[in-house]
Amino acid sequence: MTSELLPPQIHVFVRDWLSSNNILLKSPDGHVLIDTGYVRHAPLTLALLRSQRGLGDEPLAKIVNTHCHSDHIGGNATLQSAYACPIALPEGEAPLVERWDTKALWLDYADQRTDRFAVDEIIGARTTHRWGDLEWQAIAAPGHDMGALVFFNPQHRILISGDALWENGFGLILPRAVDPAAMPATRATLDVIATLDARAVIPGHGEVFVDVAGALARAYARIAAFEADDSRVARHALKVLLTFRLLDQQRMLLADLPAYVERVGFFRDVNAACLHLSPEDLAHLLVRELIRAGAVKMDGGHLLPA
Ligand SMILES: [Zn+2]
């Protein structure tokens with residue numbers, strides 16, 4: 001399906017929720033890869049890139065990231081050492097990576113990991129780039145990540161949206177009580193995306209989609225629900241993070257969860273600002289809602305991804 005929607009020099013490796021999609025933009029002038037997945041999957045990302053569907057024996061000229069969360073930058077170090085290519089980051093993200101701010105990058109702060117890498121180039125908003133023989137406009141897309149960029153090709157009206165817009169929603173955002181800027185920025189970014197009149201969206205997670213109006217309508221409905229209830233934003237963010245942790249480590253002892261939500265800063269801070277629950281009550285709430293949503297299941301005292 002992807003190949004019919006996109007020019008042939010764009011290849012999308014659709015991954016999962018632990019690893020972001022990898023978007024390969026091929027050109028005789030040098031191949032560019034946007035986003036590199038999660039660190040645990042880095043060997044698979046390299047293998048996909050080296051496959052005949054990817055680059056085969058050809059070199060990679062550049063790595064670009066839409067934003068610097070662990071599921072998008074986790075292959076950077078592995079791919080950079082394999083291909084000796086530069087890494088280009090959004091201007092709002094580069095300083096965080098340069099000083100390796102593991103709180104702002106949601107690494108140890110959110111109990112996530114990545115291999116450290118160096119910044120080689122900075123991409124400003126409102127700049128234009130030629131990748132894969134196509135022109136891409138870098139557009140600021142704050143919200144899920146305040147330094148994120150999306151990339152738009154006006155000729156084919158293709159949007160590389162990262163986690164700013166998915167077919168069904170967008171990446172988790174911080175509740176107003178923790179970051180007052182995140183929710184208004186998320187809505188403003190949807191407004192900007194709506195003006196682009198994109199024909200196809202290559203999201204950070206999930207398949208390429210063309211019902212952009214439908215995706216925007218669902219995203220607007222979600223942000224409206226979030227704006228009406230900050231505790232819903234908080235619960236959503238913590239459920240997403242807990243599911244991510246389970247996808248990474250596969251199982252967690254339920255009895256360990258209260259100590260976990262007290263130890264990991266993201267859970268502790270969001271709970272303290274919004275939910276005001278004991279660690280035991282927070283653990284029970286998250287598990288109950290995730291089981292009801294069919295996202296996790298229990299197995300002999302262990303929590304597993306469903
Ligand atoms: Zn992501």
Side-chain angles (χ1 to χ4, degrees), residues 12-24 33-42 44-45 48 63-79 87-90 92-93 96-97 101-115 117 123 138-151 159-174 179 182-183 185-186 189-190 193 201-209 215 218-219 222-223 226 233 236-249 266 270 295 305:
V12 183
F13 293 100
V14 175
R15 305 293 293 275
D16 54 24
W17 292 101
L18 194 59
S19 276
S20 68
N21 292 340
N22 317 126
I23 302 145
L24 184 57
L33 185 73
I34 300 185
D35 287 344
T36 63
Y38 191 61
V39 65
R40 196 157 80 86
H41 291 164
L44 172 60
T45 305
L48 287 170
I63 294 166
V64 173
N65 293 117
T66 57
H67 62 295
C68 289
H69 288 157
S70 68
D71 54 325
H72 296 253
I73 60 174
N76 281 15
T78 295
L79 297 185
I87 295 175
L89 298 185
E93 304 283 69
L96 311 182
V97 170
D101 185 335
T102 59
K103 181 176 183 191
L105 293 167
W106 294 357
L107 292 174
D108 58 351
Y109 181 64
D111 193 26
Q112 298 184 6
R113 297 176 295 124
T114 198
D115 293 328
F117 58 92
I123 302 175
I139 299 168
H144 163 69
D145 181 310
M146 296 306 280
L149 294 173
V150 296
F151 303 110
L159 178 69
I160 296 171
S161 66
D163 291 348
L165 180 68
W166 299 333
E167 189 165 21
N168 235 316
F170 43 76
L172 72 89
I173 57 177
L174 286 173
D179 181 359
M183 222 167 340
T186 302
T189 289
L190 294 177
I193 290 174
V201 173
I202 306 171
H205 303 268
E207 298 282 347
V208 176
F209 60 89
R218 287 185 289 274
R222 170 166 291 187
I223 195 70
F226 280 176
V233 187
H236 175 262
L238 298 187
K239 284 186 283 184
V240 170
L241 277 192
L242 181 56
T243 305
F244 189 88
R245 170 96 317 271
L246 287 171
L247 287 171
D248 188 12
Q249 81 184 45
F266 193 112
V270 168

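In listed order, ligands and their atoms are each counted from 1. All values below were derived from every heavy atom in this structure, side-chain atoms included, with hydrogens, water molecules and symmetry-related copies excluded.
- No hydrogens or angles considered: nothing links the side chains of Asp163 and His69 as a donor-acceptor pair under 3.5 Å.
- Remark: Ile202 CD1 to Glu207 CD distance equals 11.5 Å, nearest 0.5 Å.
- Considering just the N/O/S atoms of Asp163, the one nearest the Zn ion (ligand 1) carries the name OD2.
- Each of Asp71, Asn22, Asp35 was checked for a side chain to side chain donor-acceptor pair (under 3.5 Å) with Arg15, and the lone residue meeting it is Asn22.
- Because the distance cut-off is set at 2.8 Å, His144 fails to qualify as a neighbour of the Zn ion (ligand 1), as none of its N, O or S atoms comes that close.
- Taking backbone and side chain together, His72 holds an N, O or S atom under 2.8 Å from the Zn ion (ligand 1).
- Taking the Zn ion (ligand 1) as reference, Asp71 places its N/O/S atom OD2 nearest.
- Ring geometry, His144 versus Trp106: the interplanar angle exceeds 60°, so the pair is classed perpendicular (tilted spans 30 to 60°).
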